[in-house]
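These numbers come from the heavy atoms of this one structure, side chains and all, not from hydrogens, waters or symmetry mates.
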Amino acid sequence: MKALLQRVTHACVSIDGKINGEIDKGLMVLVAVEHEDTEAKAKRLAERVAGYRMFSDENGKMNLNVGQIGGDILVVSQFTLAADTNSGMRPSFLQSAKPELGKHLYEYFCAQLRLKGFQVPTGVFAADMQVSLTNDGPVTFALQV
């Protein structure tokens with residue numbers, strides 16, 4: 001599984017012009033599921049996202065995680081993160097999970113974050129969504145398990 005974490009001051013995801021999920025300070029997380037992914041990988045990725053230290057402490061060092069700053073996590077499925085872009089002029093999606101597995105592990109990932117006490121607003125799996133955010137820093141990290 002792959003996740004793109006963006007430290008934000010605000011983020012929202014809309015579907016058909018209606019806001020489906022929205023946060024202020026926290027993380028905007030785009031998640032991709034690959035065909036060999038498992039619940040164990042989804043759980044590990046959720047642990048890493050929740051614990052990843054990308055917020056500044058009182059000395060300006062990235063020593064705090066999203067929970068420590070009282071932030072929220074907005075999660076949006078993004079199968080294009082699983083694309084193979086190593087050659088050619090068109091991405092290959094052979095590594096992407098089939099929709100059934102992708103949806104299951106995306107929902108499982110979100111559930112694992114909720115078990116850690118986060119609200120976790122989301123997009124809708126496989127929907128055509130519009131994502132808006134204000135990247136703070138900008139600070140963006142890619143995680144993979």
Side-chain angles (χ1 to χ4, degrees), residues 1-57 62-88 90-145:
M1 285 185 78
K2 295 179 178 181
L4 186 71
L5 285 62
Q6 297 177 80
R7 187 175 77 184
V8 300
T9 56
H10 181 264
C12 68
V13 58
S14 300
I15 302 167
D16 296 326
K18 293 177 149 179
I19 294 176
N20 198 76
E22 185 173 25
I23 65 167
D24 286 320
K25 176 179 59 175
L27 295 177
M28 168 70 221
V29 180
L30 302 173
V31 177
V33 180
E34 296 176 309
H35 65 86
E36 294 183 0
D37 287 336
T38 63
E39 286 186 356
K41 285 186 176 184
K43 183 176 183 178
R44 177 66 182 133
L45 186 59
E47 291 168 355
R48 291 193 70 202
V49 167
Y52 213 72
R53 297 183 301 166
M54 53 191 289
F55 293 89
S56 298
D57 64 15
M62 285 190 212
N63 280 326
L64 304 176
N65 64 44
V66 66
Q68 291 172 312
I69 58 102
D72 296 312
I73 304 173
L74 174 63
V75 180
V76 174
S77 63
Q78 175 114 25
F79 85 97
T80 59
L81 285 177
D84 179 354
T85 59
N86 289 322
S87 64
R90 183 175 184 274
S92 168
F93 296 103
L94 294 175
Q95 294 300 314
S96 296
K98 300 285 186 213
E100 305 80 33
L101 177 63
K103 183 176 183 180
H104 170 72
L105 291 180
Y106 166 74
E107 290 174 351
Y108 185 83
F109 170 80
C110 293
Q112 292 302 304
L113 290 173
R114 288 182 184 109
L115 287 173
K116 296 181 179 310
F118 295 101
Q119 294 287 327
V120 193
T122 66
V124 174
F125 185 85
D128 183 16
M129 298 173 274
Q130 291 71 50
V131 177
S132 175
L133 61 96
T134 303
N135 192 316
D136 182 24
V139 174
T140 301
F141 293 102
L143 299 181
Q144 185 171 1
V145 293

Let me confirm one number: the CG-CE distance from Asn135 to Met28, rounded to the nearest 0.5 Å. 11.0 Å

Side chain of Ser14, backbone of Gly17: donor and acceptor closer than 3.5 Å? no

Output, in order, the C-alpha distance, side-chain angles, deciding distance and verdict of side chain to side chain contact (heavy atoms under 4.5 Å, CB included) for Met62 and Phe141. CA-CA 12 Å; Met62 285 190 212; Phe141 293 102; 4.2 Å; yes

Would you say Gln95 and Glu36 make side-chain contact, with heavy atoms under 4.5 Å? no

Would you check if Lys116 and Glu47 make a side-chain contact, meaning some heavy-atom pair closer than 4.5 Å? yes

CG on Leu27 to CG on Leu133, rounded to 0.5 Å: 11.5 Å

Begin with the C-alpha distance, continue with both residues' side-chain angles, and end with the deciding distance and a verdict on side chain to side chain contact (heavy atoms under 4.5 Å, CB included) for Arg53 and Leu64. CA-CA 5 Å; Arg53 297 183 301 166; Leu64 304 176; 6.0 Å; no

Just wondering, do Met1 and Glu34 contact through their side chains at under 4.5 Å, heavy atoms? no

Kindly compute the distance separating SG (Cys110) from CG (Leu74), expressed to the nearest 0.5 Å. 9.5 Å

Using every non-hydrogen atom in the two residues, find where Leu81 and Ala32 come nearest and quote the distance to one decimal. CB-CB, 3.4 Å

Looking at side-chain heavy atoms only, is the closest gap between Tyr106 and Asp37 below 4.5 Å? no

Any donor-acceptor pair under 3.5 Å linking the side-chain atoms of Gln119 with those of Asp72? no

List the steps and the verdict of side chain to side chain contact (heavy atoms under 4.5 Å, CB included) for His10 and Asp24. CA-CA 4 Å; His10 181 264; Asp24 286 320; 3.2 Å; yes

Do the non-hydrogen side-chain atoms of Val66 and Phe118 ever get within less than 4.5 Å of each other? yes

Take atom NZ of Lys41 as the centre, draw a 6.0 Å sphere, and report whether it contains more than 12 heavy atoms from other residues, nucleotides or ligands. yes

Could you tell me which residues satisfy ring-ring contact (aromatic ring centres under 6.0 Å, His included) with Tyr108, sequence neighbours excluded, listed by chain and number? none

Heavy-atom check, side chain of Val31 versus side chain of Val75, under 4.5 Å: yes

Shortest non-hydrogen separation from Asn65 to Phe55 and the atoms involved: C-CD1, 3.8 Å

Nearest non-hydrogen partners of Thr85 and Pro91, listed with the distance: CG2-CB, 4.3 Å

Search all heavy atoms of Gly123 against all heavy atoms of Val76 and return the closest pair with its distance. N-CG2, 4.3 Å

Show your working on side chain to side chain contact (heavy atoms under 4.5 Å, CB included) between Leu4 and Gln78 and close with a plain yes or no. CA-CA 9 Å; Leu4 186 71; Gln78 175 114 25; over 6 Å; no

Is there side-chain contact between Ile23 and Pro121, with heavy atoms separated by less than 4.5 Å? yes

Side-chain contact test, heavy atoms from C-beta onward, threshold under 4.5 Å: evaluate it for Lys2 versus Leu143 and give yes or no. no

Can you tell me which residue among Val49, Thr122, Val120 is in a side chain to side chain contact (heavy atoms under 4.5 Å, CB included) with Phe109? Val49

